[in-house]
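This report concerns only the one structure given below.
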Amino acid sequence: MRYGQLVIGPAGSGKSTYCHMIQQHCETIHRTVYVVNMDPAAEHFDYPVIADIRELVQVTDVMEDEELNFGPNGGLVFCMEFFLQNIEWLEEKLGDSEDDYILFDCPGQIELYTHIPAMRQFADVLKSWNFNICSVFLLDCHFIVDATKMFSGIMTALSSMILLELPHINILSKIDLLSSKAKKSLDKYLDPDPHDLLDEVSAHVDPKYQKLNKAISSLINDYSFVQFLPLDISDEGSKDNVLLQIDMTIQYGEDLDVNTKAMDGADDQD
Ligand SMILES: Nc1nc2c(ncn2[C@@H]2O[C@H](COP(=O)(O)OP(=O)(O)OP(=O)(O)O)[C@@H](O)[C@H]2O)c(=O)[nH]1
Ligand SMILES: [Mg+2]
């Protein structure tokens with residue numbers, strides 16, 4: 001088995017920072033985690049990579065191509081489709097070592113998680129390569145200051161979950177930026193009650209949308225998944241907790257324990 005996290009979420013939600021942070025955190029606890037840059041438009045990230053999609057295809061090249069003539073978003077979709085058609089490029093880069101743990105730092109364009117099949121196809125490929133994967137959806141904690149924003153953040157998370165059909169973890173990122181007062185009231189946003197959200201949203205939105213908002217609220221309620229883990233990158237305990245929850249989701253460690261026990265058993269017999 002191999003293990004992986006598909007790190008997704010809106011533009012600027014902290015995906016690349018998260019990947020770098022998890023990689024460094026794992027290094028300090030003597031675990032090796034690799035990162036793949038999956039964003040063909042990435043301009044900046046700080047982590048070392050084992051594969052970078054830009055080596056295969058770059059959005060700027062696609063946009064400059066006079067026959068294709070794409071803008072930035074069409075260009076990105078083209079790149080992801082091109083990547084899937086050339087998936088053996090990644091297969092070669094990743095190799096096939098047992099127990100590898102890989103973070104895939106994905107692009108932030110929302111259309112990849114609402115209706116375009118590329119990311120879903122990629123998830124299926126990873127599964128066929130023996131990866132236990134989950135999606136890790138990051139949402140910037142400034143979304144919680146406004147119930148209408150939170151509503152849309154939750155809907156985005158929900159849409160990604162439905163499209164990818166993977167075990168799914170939601171993270172509220174950048175908690176270090178919250179005031180201590182905001183941190184204290186964080187709990188109600190980590191496991192938000194759709195009815196309370198609806199009340200808050202209704203106070204701000206034109207009453208003619210009341211029925212629609214109510215329908216959305218009961219949809220969120222029906223899925224009853226919309227819980228968020230807080231991530232404060234200035235707090236070791238917070239990082240540990242996020243990693244532990246994800247490890248449990250992808251069953252990382254369970255097989256290792258068994259292997260270690262099996263080896264201990266073999267040692268005992270010597
Ligand atoms: N204080 C703080 N800043 C953060 C954190 N995570 C990300 N940032 C900042 O937020 C900005 C965006 O972070 P990125 O990690 O590039 O976000 P991203 O989701 O990879 O962005 P795209 O790839 O463009 O979609 C950068 O200026 C980061 O330094 C965090 O946990 N705390
Ligand atoms: Mg990024």
Side-chain angles (χ1 to χ4, degrees), residues 4-26 28 33-60 62-63 71-77 79-80 83 102-114 116 118-119 122 134-145 149 152-154 156-157 159-160 163-164 168-183 186 189-190 228-243 245-246:
Q5 300 182 19
L6 222 50
V7 181
I8 61 176
S13 55
K15 300 177 289 298
S16 303
T17 307
Y18 166 87
C19 290
H20 188 212
M21 179 281 288
I22 290 285
Q23 188 182 49
Q24 286 190 320
H25 183 68
C26 285
T28 61
V33 163
Y34 300 104
V35 189
V36 173
N37 172 43
M38 288 293 300
D39 185 352
E43 283 182 1
H44 179 76
F45 48 81
D46 293 322
Y47 48 75
V49 288
I50 49 160
D52 181 348
I53 195 173
R54 297 176 307 173
E55 280 175 27
L56 179 73
V57 63
Q58 290 202 33
V59 170
T60 41
V62 172
M63 285 168 66
N73 293 317
L76 175 97
V77 174
C79 287
M80 297 320 279
F83 160 72
I102 301 179
L103 311 177
F104 297 91
D105 182 10
C106 298
Q109 271 87 345
I110 184 65
E111 50 272 43
L112 290 175
Y113 313 103
T114 53
I116 291 168
M119 292 311 287
F122 178 50
C134 70
S135 39
V136 176
F137 180 92
L138 270 73
L139 192 68
D140 189 319
C141 68
H142 82 247
F143 272 72
I144 68 172
V145 298
K149 260 191 180 174
S152 79
I154 290 172
T156 315
S159 141
S160 318
L163 183 85
L164 295 172
H168 186 95
I169 299 256
N170 290 307
I171 290 180
L172 216 47
S173 62
K174 311 191 192 180
I175 297 291
D176 56 299
L177 295 179
L178 290 180
S179 66
S180 47
K181 187 172 164 230
K183 275 185 197 165
L186 198 59
Y189 297 103
L190 298 179
F228 288 85
L229 284 175
L231 174 61
D232 180 344
I233 57 170
S234 64
D235 174 0
E236 291 300 310
S238 171
K239 295 192 243 183
D240 277 334
N241 184 42
V242 164
L243 188 59
Q245 299 292 332
I246 296 173

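Keep in mind it's a predicted model, so treat the numbers as computed, not measured. Just so you know, residue 1 is the first one in the sequence shown, and it goes up from there. Counting starts at 1 for both ligands and their atoms, in listed order.
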task = Considering only non-hydrogen protein atoms, determine which one is nearest to atom 23 (O) of ligand 1 and report residue, atom name and distance to 0.1 Å.
result = D39 OD2, 4.0 Å
task = Around atom 5 (C) of ligand 1, find the nearest protein heavy atom and jot down its residue, atom name and distance.
result = K174 CG, 3.5 Å
Side-chain ion pair, K15 and D105, N-O less than 4.0 Å = no
inquiry  = Measuring only between side-chain heavy atoms, which start at C-beta, is P48 closer than 4.5 Å to V35?
reply    = no
request  = May I ask you to decide if the ring planes of F83 and F122 are parallel, tilted or perpendicular, using 30° and 60° as cut-offs?
outcome  = perpendicular
message = Under 2.8 Å from the Mg ion (ligand 2), is there any N, O or S atom belonging to S16?
response = yes
ask   = With a 4.5 Å limit on heavy-atom distance, are the side chains of Y18 and V136 in contact?
value = yes
query = Say you draw a straight line from CZ of F228 to CG of L138; how long is it, rounded to the nearest 0.5 Å?
reply = 10.0 Å
query = Heavy-atom distance under 4.5 Å between the side chains of Y113 and S135, does that happen here?
reply = no
remark   = atom 17 (O) of ligand 1 sits nearest the protein heavy atom G14 N, 3.1 Å
ask   = Which of the listed options, M21, K15, H44, E43, holds the heavy atom that is closest to atom 18 (P) of ligand 1?
value = K15
query = Should one rank A42, G12, S173, G9 by closest heavy-atom distance to atom 22 (P) of ligand 1, which comes out on top?
reply = G12
ask   = Going by distance only, is there an N or O of T17 that falls short of 3.5 Å from an N or O of ligand 1?
value = yes
request  = Ignoring hydrogens, tell whether any protein atom lies closer than 4.0 Å to atom 27 (O) of ligand 1; use the non-hydrogen atoms only.
outcome  = no
inquiry  = Is it the case that atom OH in Y34 sees more than 12 heavy atoms from other parts of the structure closer than 6.0 Å?
reply    = no
key: Any protein heavy atom nearer than 4.0 Å to atom 7 (C) of ligand 1   = yes
inquiry  = Using modelled atom types and a 3.5 Å cut-off, is there a donor and acceptor pairing between side-chain atoms of S16 and backbone atoms of D46?
reply    = no
key: Structural part of D176 in contact with ligand 1, heavy atom criterion under 4.0 angstrom   = side chain
request  = Could you tell me which atoms of ligand 1, counted from 1 in the order shown, lie closer than 4.0 angstrom to a heavy atom of A11?
outcome  = 25 (O)
request  = Just jot down the ligand 1 atoms closer than 4.0 angstrom to any heavy atom of L177, in number order.
outcome  = 1 (N)
